[in-house]
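Proteins get letters first, then strands, A, B, ... in listed order; numbering begins at 1 in each. Keep in mind it's a predicted model, so treat the numbers as computed, not measured.
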Amino acid sequence: MANKYNVQEVESKIREFWEKKKIYKFDKKRKGEIYSIDTPPPTVSGKMHIGHSFSYSQQDFIARFNRMKGNVFYPFGTDDNGLPTERLIEKTKKVKSKNMSRAEFIKLCLKTLKEITPDFIDDWKKLGISCDYDIYYSTIDENSRKISQNSFLELYGKELVYKKEFPTLWCPDCQTAIAQAELEDKEENSLFSTLKFKVMSSSSEENSKNAEDLKNAKANTILIATTRPELLSACVAVFVNPKDKRYKKLVGKKAKVPLFDFEVPILEDESADMEKGTGVLMICSYGDRFDVDAINRHKLDAKLVLGKDGKILDGDYEGLKVKQARKQVLEDLDKAGLIVDKKEISHVVNVHDKCGNCIEFLTTEQWFIKILDKKNELIKQGKKIKWYPEYMFKRYENWVNGLEWDWSISRERHFGIPIPVWYCDDCNEIILADKKELPVDPLQIKKKCPKCKKNAKGEEKVLDTWATSSLTPQIASNIVKGDVKLPYSLRPQAHDIIRTWAFYTIIKSLYHENKIPWDNVMVSGFVTLKGEKMSKSKGNVIQPQEVLENYGADALRFWAASSKLGEDLDYQEKDLITGKKFINKLINASRFVFMNLEDFNGKRPKKLEVIDELFLVKVDELIKSVTERFENYEYSKAKMEVEKFFWNMFCDNYLEIVKKRIYQNKKGKESAQYALYNGLLNVLKLIAPIMPFITEEIYQTYFKKNEKDESIHLSEWPVVSLLLKGNKDSKIAENSKFDKLIDIIVKVRQKKSDNKKSMNSEIVLHISKKEYDEIGDMIEDLKDVTNAVEVKEGRFKVEFVE
RNA sequence: GGGCCUAUAAGCUAGUGGCAAACUGACUCGUUUACACCGAGUAUUCCCAGGUUCGAUCCCUGGUAGGCCCACCA
C-alpha cells in the first residue's frame, strides 16, 4: 500500500474491483435470511444533492451490516415519471410540453432520461452505495407501467377507485389536479379589504321581479372582509353565525354583491367566526375548502368563474389571471366607493409543492382512491410497522387522522403513466384495459364500446407519480420474479415524505395484498447549513460531488454517520477532516501492525499472555455492543464506539503496550501478534459498513492472503465467541485488571507531563501493593509502556532516571 | 390553536437517579524503529421555575427558546 493515501485513486480502484467481482450481486441462494430493502428511487434531477448523500449513506450502513450477517436484497431505482421530470426536460431541452403532442413529448423525455440517468446513478456508486444496480427499475419503465396500471385495474375491480366530478385542488400553473399531500404552506402578503354589501329587505314572498319595490326598500349595509375580491362574481351566499346577535335580523334576507349587483341569500352557519373580520363570511365557489363544504352543506349552486388556466372565464374581467383580476376588481370597487377599509395582512396560503404557486379549487372530473373510510385500518397497519425513531409513527398517525379527502390520483399531464381506460362516446361507458395488454396507452389504441359498438375515446389523464412509486416493493420484486416478497425488511426514507411515499405504500399493500409493505421504517433527517435547511433559492448548497472530490466517500459517509436517525445534521467541514484523519489512522496502524506480523503464522498460540487475552475480551465487548447498535439502526453509536475503541484502546494503549515486546522479540511475541491481527481485523469489519473503501483496501492489502472471503463486505460479521472462552464471569473480573493497568499508565503519563518530561523518559515506578498484586502478571507490559527500568511496591511515585 | 422533537463546554455532539464526557478549537508540554493529519496534559459546562427523592442534568409539572408536521386562509 502506498505511503500516501490517494483517496480518488484508491476509491475508484476499489469501486472497479467491486463491479468486476459483482460483490453486491443479489443471489437468493446465498446462505442467510434475506434482508430486503425498499430502496428510495431518487428523482432524476441531474445531480445527487447533499441530502441524498446523507440519507443514502445511512441506509447503506444498514444494508452492509446485514449483508455481512446474511443476505441482502438491495435494488436501485429512479423516479422519473412525474412533474419534476417534465420540468427538468423542459428546462434542459428548452421546450414547452404544452406546445408538443403527448407522444412527441414522451419520446423526448425518455430519450433525455436515457442520456442523463447513467451519470446521475454514477454519483451513488461513487458514494459506495452497495445496491445491486442490475436490479434496476425506473418508475416509467415497462415493468413499472404494467404494475401501476394493473394496480389501477385491480383497485377499480375492488371498488376502491372511483371517478367523480368534484371541486378539487388544482394548480393553475401546472394545470393539473393535485393531492392533499402536495400542498405546502407559504406566507404571503395580502390586502384584507372590507366591502359594503347592501342588504335587501326581501322576504320569502318578495323576489326580484319587484325590482322597483326593492329599490325603494330601506337598504341596510353589511360589511364583509375578504382577501379574494376577484371571486365576488362567484359569491353564492353570505354566512353569519347563528349566535351572533348583531346580524340575527338579517338572516333570511338577501345581500347584494357589490360591483356585480346580484343577490345572494344570507344564511346562518356555525362556520362563521364572530371574532374574525366583521363576523360575516362570504361563500364563493371556490375560495377555499370551507367554501366547498359550505356549498355542499347548504346545497347551493356553485358558479364557475375560474378556468383551468387560472383566468377569469367571462364578464368584465374575462381573461385576467387571479392576481390581475384581484387588482382590477379592487380598483373598481374603490372607484365605486364600496371599500370601507383596506389593510395589509400577512397570512398563510396553500401552494403547490412542486411549483410554489397558489392553488385553487376547480370542479373537474378526477379519479380517486378511497381512503377516508379506511383511516382506522391504515393506522392499524402503521402500528404493525416498527418506526425508527419511534416517534415518526406519530407523524404518520397525525397525517392519517387529519385527512379530509380521498386520494386524488389523476393528473392532467403529458408525461406519466396513462390511466388505462376508455370512454364510449355514446353511452359514456367506462371500458377498462385488459390485463394482458398492459402497459397500454389508451391514446394509441382504439377501442369500441362493448355495449353500443361505437368508438371509444382514450383517457387523457395520467396517474400521479405517487400512484406508481407507492408500488416500489412490488416493482422491485417483479424484477427478480417474486423471489423477494412483502413485507420487505426495511423502508428507508426521509421524514418529509411520510405523508406521501410511506403512507401511499402502506395503502397499496393493504389494498392489494392485505399486508404491511415492510417490517421496519428508518427515517432520516435533513442536512442543514448553520441551522438552515439547504435550498437552491437560499444559495446555501453544498455539492456532494465536491466533497467526494476533496475528502472521498469514506469521509463523507463518516460524517453522515454522526447524526442520529431522524435528526437533522448540520454540515460541518471539520467533520469531514475528522473522517479523513480516521482513515489515515487506520492506514498507519494497519501498516504498523503488519510490519510486525511478517513472521506471524496466523495461528493462535497455545498460551496467550494475560494482557493480550484481556485486550481480546475488550474487542469482544465491542463486537457485542456494536452489533446491537446496528441491529437497532443506531449506526451513529456504532460508529462512535468503534472510533473511540480503535483510537484510544487499540492505538494509544494496546499498541503502545505491545510495541516493545514485538520489537525486541521478547517472550509472548506470538501472543501479541495474534491479538493484533484479530483485533485489527475485527475493528475493520465493525467499521466496514460505514467506511467501505478504506476497509476493503486494507483487507485486500493485508488480510486477503489469510482470509477466505473475496471482499471484506462479504465476510462474516464478527461474533463474540471467538475470544470470550471459558468462564465469562472470571474474564470480566480480570477485565477490570486491564482497566486498572490503563489507570496506572494514565497516572504515569500525567506525572511525566507535569514534570515536562518526554513520554519515553526512563523512570522507576512505585505502585501500591494492592495494585502490584492485581496486575502482577502484567508487570512486564507496564514496564514496556511506561519505560520503567523497575517497578517497585510502595506509595505511588514516579522517579525519573537521569 | 393541536401534535411531535430538541435544549449539556466557544463549536458540534454522547451520556447517566449518586464524582458530567468524546471530538474540534484554546492553552502547556513532548516527539529518532505506524502516524506531526501524532502523543500526553490543562481549563471551561447540564435553558428557567416548582415537585418527587436522602440525592435530579436525568423522572414529573409548568414556563422559555428553537425545529418539524397539521390546522388556521372570510
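Nucleotides B:A21 and B:G55 place their P atoms 24 Å apart, quoted to the nearest Å. Annotation: B:G62 and B:G2 have their P atoms spaced 12 Å apart (nearest Å). Comparing the same atom, C1', in B:U32 and in B:C27 gives a spacing of 27 Å after rounding to whole Å. To the nearest whole angstrom, the two C1' atoms, one in B:C46 and one in B:A56, are 11 Å apart. Atom name P, nucleotides B:U57 and B:A7: the rounded distance is 15 Å, in whole Å. As rounded to the nearest Å, B:A74 and B:G51 have C1' atoms that lie 46 Å from one another. Across the P atoms, B:U24 and B:U61 are found 39 Å apart, a figure rounded to whole Å. Going from the C1' atom of B:G30 to that of B:G17 covers 41 Å, rounded to whole Å.
Interface remark: the A:Asn584 side chain does form a donor-acceptor pair with the B:C37 base, using a distance-only criterion of under 3.5 Å. At a cut-off of 3.5 angstrom, counting only N and O atoms as typed in the model, there is no donor on one side facing an acceptor on the other between the side-chain of A:Lys580 and the base of B:C37.
Distances were taken from every side-chain heavy atom of A:Thr226 (C-beta onward) to each of B:A74, B:C35, B:A71; the shortest belongs to B:A74. Taking the side chain of A:Lys394 as heavy atoms from C-beta on, and the options B:C4, B:U24, B:A34, the nearest nucleotide is B:C4. Among the nucleotides B:A14, B:C68, B:A74, the one closest to the side chain of A:His495 is B:C68. Comparing B:C69, B:A71, B:G41 by their closest approach to the side chain of A:Arg395 singles out B:C69.
A ring pair (Phe, Tyr, Trp, His ring centres under 6.0 Å) with A:Tyr702 is found for one member of A:Tyr677, A:Phe594, A:Phe592 and no other, namely A:Phe594. Under the side chain to side chain contact (heavy atoms under 4.5 Å, CB included) rule, A:Leu195 has a single partner from A:Val257, A:Asp341, A:Val329, A:Leu232, which is A:Leu232.
Residue A:Lys783 qualifies as enclosed at atom NZ: its count of foreign heavy atoms under 6.0 Å is above 12.
Within 4.0 Å (heavy atoms only), A:Asp273 reaches at least one base atom of the nucleic acid. Looking at heavy-atom distances under 4.0 Å, A:Phe290 makes contact with sugar-phosphate atoms alone, never a base. Residue contacts for A:Asp291: at a heavy-atom cut-off of 4.0 Å it reaches no nucleic acid atom on any strand shown. Residue A:Trp647 is in sugar-phosphate contact alone, with no base atom involved, counting any heavy-atom pair closer than 4.0 Å across all strands shown. Among the heavy atoms of the strands lying under 4.0 Å from A:Lys276 is at least one base atom, whether or not backbone atoms are also near. Within the nucleic acid shown, A:Cys284 has no heavy atom closer than 4.0 Å to any nucleic acid atom. Among the protein residues, A:Phe594 comes within range of no part of the nucleic acid, since none of its heavy atoms lies under 4.0 Å from any strand. As judged by a 4.0 angstrom heavy-atom cut-off over every strand, A:Val593 is placed among residues making no nucleic acid contact.
Contact annotation: A:Thr227 reaches the phosphate of B:A74 (side-chain N/O to OP1 or OP2, under 4.0 Å).
Distance alone, capped at 3.5 Å, is enough to place a donor-acceptor pair between the A:Gln58 side chain and the A:Ala560 backbone.
Remark: B:A20 base-pairs with no nucleotide; criterion is Watson-Crick or G-U wobble with both hydrogen-bond distances under 3.5 Å. Remark: B:U61 base-pairs with B:A49; criterion is Watson-Crick or G-U wobble with both hydrogen-bond distances under 3.5 Å. Nucleotide B:C68: paired with B:G3 (Watson-Crick or G-U wobble, both distances less than 3.5 Å).
Comparing A:Met640 and A:Tyr663 against RNA chain B, the residue whose closest nucleotide sits nearer the 5' end is A:Met640.
Between the side chains of A:Tyr551 and A:Glu573, at least one donor N or O lies within less than 3.5 Å of an accepting N or O. Defined by atom type and a distance below 3.5 Å, a donor-acceptor pair is present between the side-chain atoms of A:His298 and A:Asp269.
Taking the ring axis of A:Phe558 as reference, the NZ or CZ atom of A:Lys639 stays within 45° of it and closer than 6.0 Å to the ring centre.
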